[in-house]
Amino acid sequence: MTARLRSRSLRTRLLVFITAVLVCVCAVMALTTVFAQRAYLMGNLDNQVSDAAERGVGGAALHPELTRDLTFLGESGHPAGMLAARLDAEGDIINAAVVSQDAPPRSLDTAQANALKDIAQDGSTHTRQVPGLGTYRVTALNAGGVRVLAGLPMDDVLDTISGLVEVEIAVAAVGLTAAGCVCAVVIRRQLRPLGRVAATAVEVSHAPLGRGQVTVLTRVPEQDTDPGSEAGQVGAALNRMIDHVEASLAERQRSEEQVRRSEERMRRFLADASHELRTPLASIAGYAELMNRGTDRIEPGLAWRRVNAESARMRSLVEDLLLLARLDEGRPLQSAEVDMAALVAEAVWDARAAGAGHVWRLELDLDDGPALVLGDEARLHQVVANLMANARVHTPAGTTVIATVESTRTTCVVRVRDDGPGIPAALLPTVFERFTRADTSRTRAGVLEGGSGLGLAIASAITAAHGGRIDVQSTPGRTEFTLELPVTGLPATGTTTAARTAPV
């Protein structure tokens, strides 16, 4: 029975348990009422029997010599059905009669008299079944040799108890039926939130979570997440679990997307690197073949100059690839205090020497102190030099390039701005990726001008290794690269340089 009940729904089990409790409570209350009422009625009946016996003793004591006298039954006030008897010294019945309605007392027959034998004459009450008369409550008294037995019928008491039992059964049946219906409705209403939580869990279980796609999973309604109720606690816990599942799916999708993009970048990187290396190797092999066929086909000096140029280009490309590989591996860089104002000034002088056809200007805004950062001076110089070279190579002669150094309490900002034709909008999102090249608006220069597409990628990697960031904004007539690095937070070691703008 218990095992079958456990297999039922929670609604059914609650209804069964509540009904069982109500049945037990009703049964206990009914039995208590019946026993209490019976004790009360029996007590009243026993008092009436004792009074009747005492009156009989009093009436018989008027004529003690008449041992068979029952004339006291003819007195008024005796209820119909009352019986009385005279006893001898041994307790045997000498004479017995019963009071009749509107008739003289009627003597008991032998069978009826025998039902009243062996009753102690101590005033205690007893229950006897008298044939033809019913159930009686009787008692016997002995007063000065006068022995009298008296009894009253229990029919009224038994009928009252039976009626009470029937009424209680009817009331209990109606009450239990009504209570069961009310409990069923209440339980159904109270378990609706739990049903909605279960429905949400089923819907989430049918979601295609194994595909790795992040989908918006169904949530338990807010009304069913009240922590004050058990169903609300379950709903809130389910929502938290769904949040964790979505976060895990999103993280897995991001990881898979990062792996896919990394693989794509690696394949593109290998293809581009192979192409960049194959071009100078093919040139070197071609010039070598021409020289092997004889000097009449090509001048030896020109061939060697071209071979040296392609070798230098290939060496520069390999060095850039090695630097990117070391940065990708997270190898530590040298760390020392670097004055970015001096470093940018040197880079501007170098750029002016390499690009005399451009106008180069340096602006310093160091009101908050010197632009001191902690890092690798050679690599930071390479970053600034790459930005200068990018502006020099991809802008026409006469372009003005302005390098600005700003220092705040937390960051050092280096800006390289030019008024050239700008970077195409389609190229901006990938400008810091490896082997990214401009279109015809920013044509490649010679073989030694850094046209492999690695300059800005190296600048971005070095900046990230120093805990900074690099960004670019470009429109026709204005292109600005912004380099932000954290300052060292050390006190100034020299005189603060005032803000100034000067050509270099």
**Request:** Can you sort out the partners of H358 under ring-ring contact (aromatic ring centres under 6.0 Å, His included), two or more places apart, ordered by chain and number?
**Result:**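 Testing H358 for ring-ring contact (aromatic ring centres under 6.0 Å, His included), a comparison that skips the adjacent residues, returns W360.
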
For the student: nearest non-hydrogen atoms of [X] and [Y], plus distance:
{"X": "L362", "Y": "A345", "result": "CD2-CB, 3.7 Å"}
{"X": "A347", "Y": "V384", "result": "CB-CG1, 3.5 Å"}
{"X": "R392", "Y": "A351", "result": "CD-O, 4.2 Å"}
{"X": "A179", "Y": "L22", "result": "CB-CD1, 3.6 Å"}
{"X": "A184", "Y": "L15", "result": "N-CD1, 3.9 Å"}
{"X": "R469", "Y": "T463", "result": "N-CG2, 3.3 Å"}

Nearest 0.5 Å, what's the [atom1]-[atom2] distance between [X] and [Y]?
{"X": "L176", "Y": "I18", "atom1": "CG", "atom2": "CD1", "value": "12.5 Å"}
{"X": "L372", "Y": "S407", "atom1": "CG", "atom2": "OG", "value": "7.5 Å"}
{"X": "I161", "Y": "D156", "atom1": "CD1", "atom2": "CG", "value": "11.5 Å"}
{"X": "Q473", "Y": "I423", "atom1": "CD", "atom2": "CD1", "value": "11.0 Å"}
{"X": "D159", "Y": "M154", "atom1": "CG", "atom2": "CE", "value": "11.0 Å"}
{"X": "R240", "Y": "I242", "atom1": "CZ", "atom2": "CD1", "value": "11.5 Å"}

**Step-by-step side-chain contact (heavy atoms from CB on, under 4.5 Å) determination, L428 to S474** = CA-CA 8 Å; L428 278 177; S474 180; 4.1 Å; yes

**Message:** Let's go through N386 and I462 carefully: what are the C-alpha distance in whole Å and the side-chain angles of both, what is the deciding distance for side-chain contact (heavy atoms from CB on, under 4.5 Å) to 0.1 Å, and is it a yes or a no?
**Reply:** CA-CA 11 Å; N386 284 353; I462 294 175; 6.0 Å; no

So, does [X] use its side chain to make a donor-acceptor pair with the main chain of [Y] at under 3.5 Å?
{"X": "Q233", "Y": "P227", "result": "yes"}
{"X": "S460", "Y": "L456", "result": "no"}
{"X": "H394", "Y": "P421", "result": "no"}
{"X": "T399", "Y": "P396", "result": "yes"}

Does the side chain of [Y] come within less than 4.5 Å of [X]'s, by heavy atoms?
{"X": "D376", "Y": "H466", "value": "yes"}
{"X": "V414", "Y": "L387", "value": "no"}
{"X": "T404", "Y": "D365", "value": "no"}

**Salt-bridge contact E257-R254 (side-chain N to carboxylate O under 4.0 Å)** =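 R254 and E257: not salt-bridged.
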
Show me the side-chain donor-acceptor pairs of residues 29-44 shorter than 3.5 Å, one per line, residues at least two apart or across chains.
unit_1: T32; atom_1: OG1; unit_2: V28; atom_2: O; d: 2.7
unit_1: T33; atom_1: OG1; unit_2: M29; atom_2: O; d: 2.8

**Residue pair D350, M388: steps toward the side-chain contact (heavy atoms from CB on, under 4.5 Å) verdict** = CA-CA 9 Å; D350 295 340; M388 299 290 183; over 6 Å; no

**Prompt:** Which is it for L366 and V405 under the side-chain contact (heavy atoms from CB on, under 4.5 Å) test, yes or no, and what are the steps along the way?
**Reply:** CA-CA 8 Å; L366 306 178; V405 181; 4.3 Å; yes

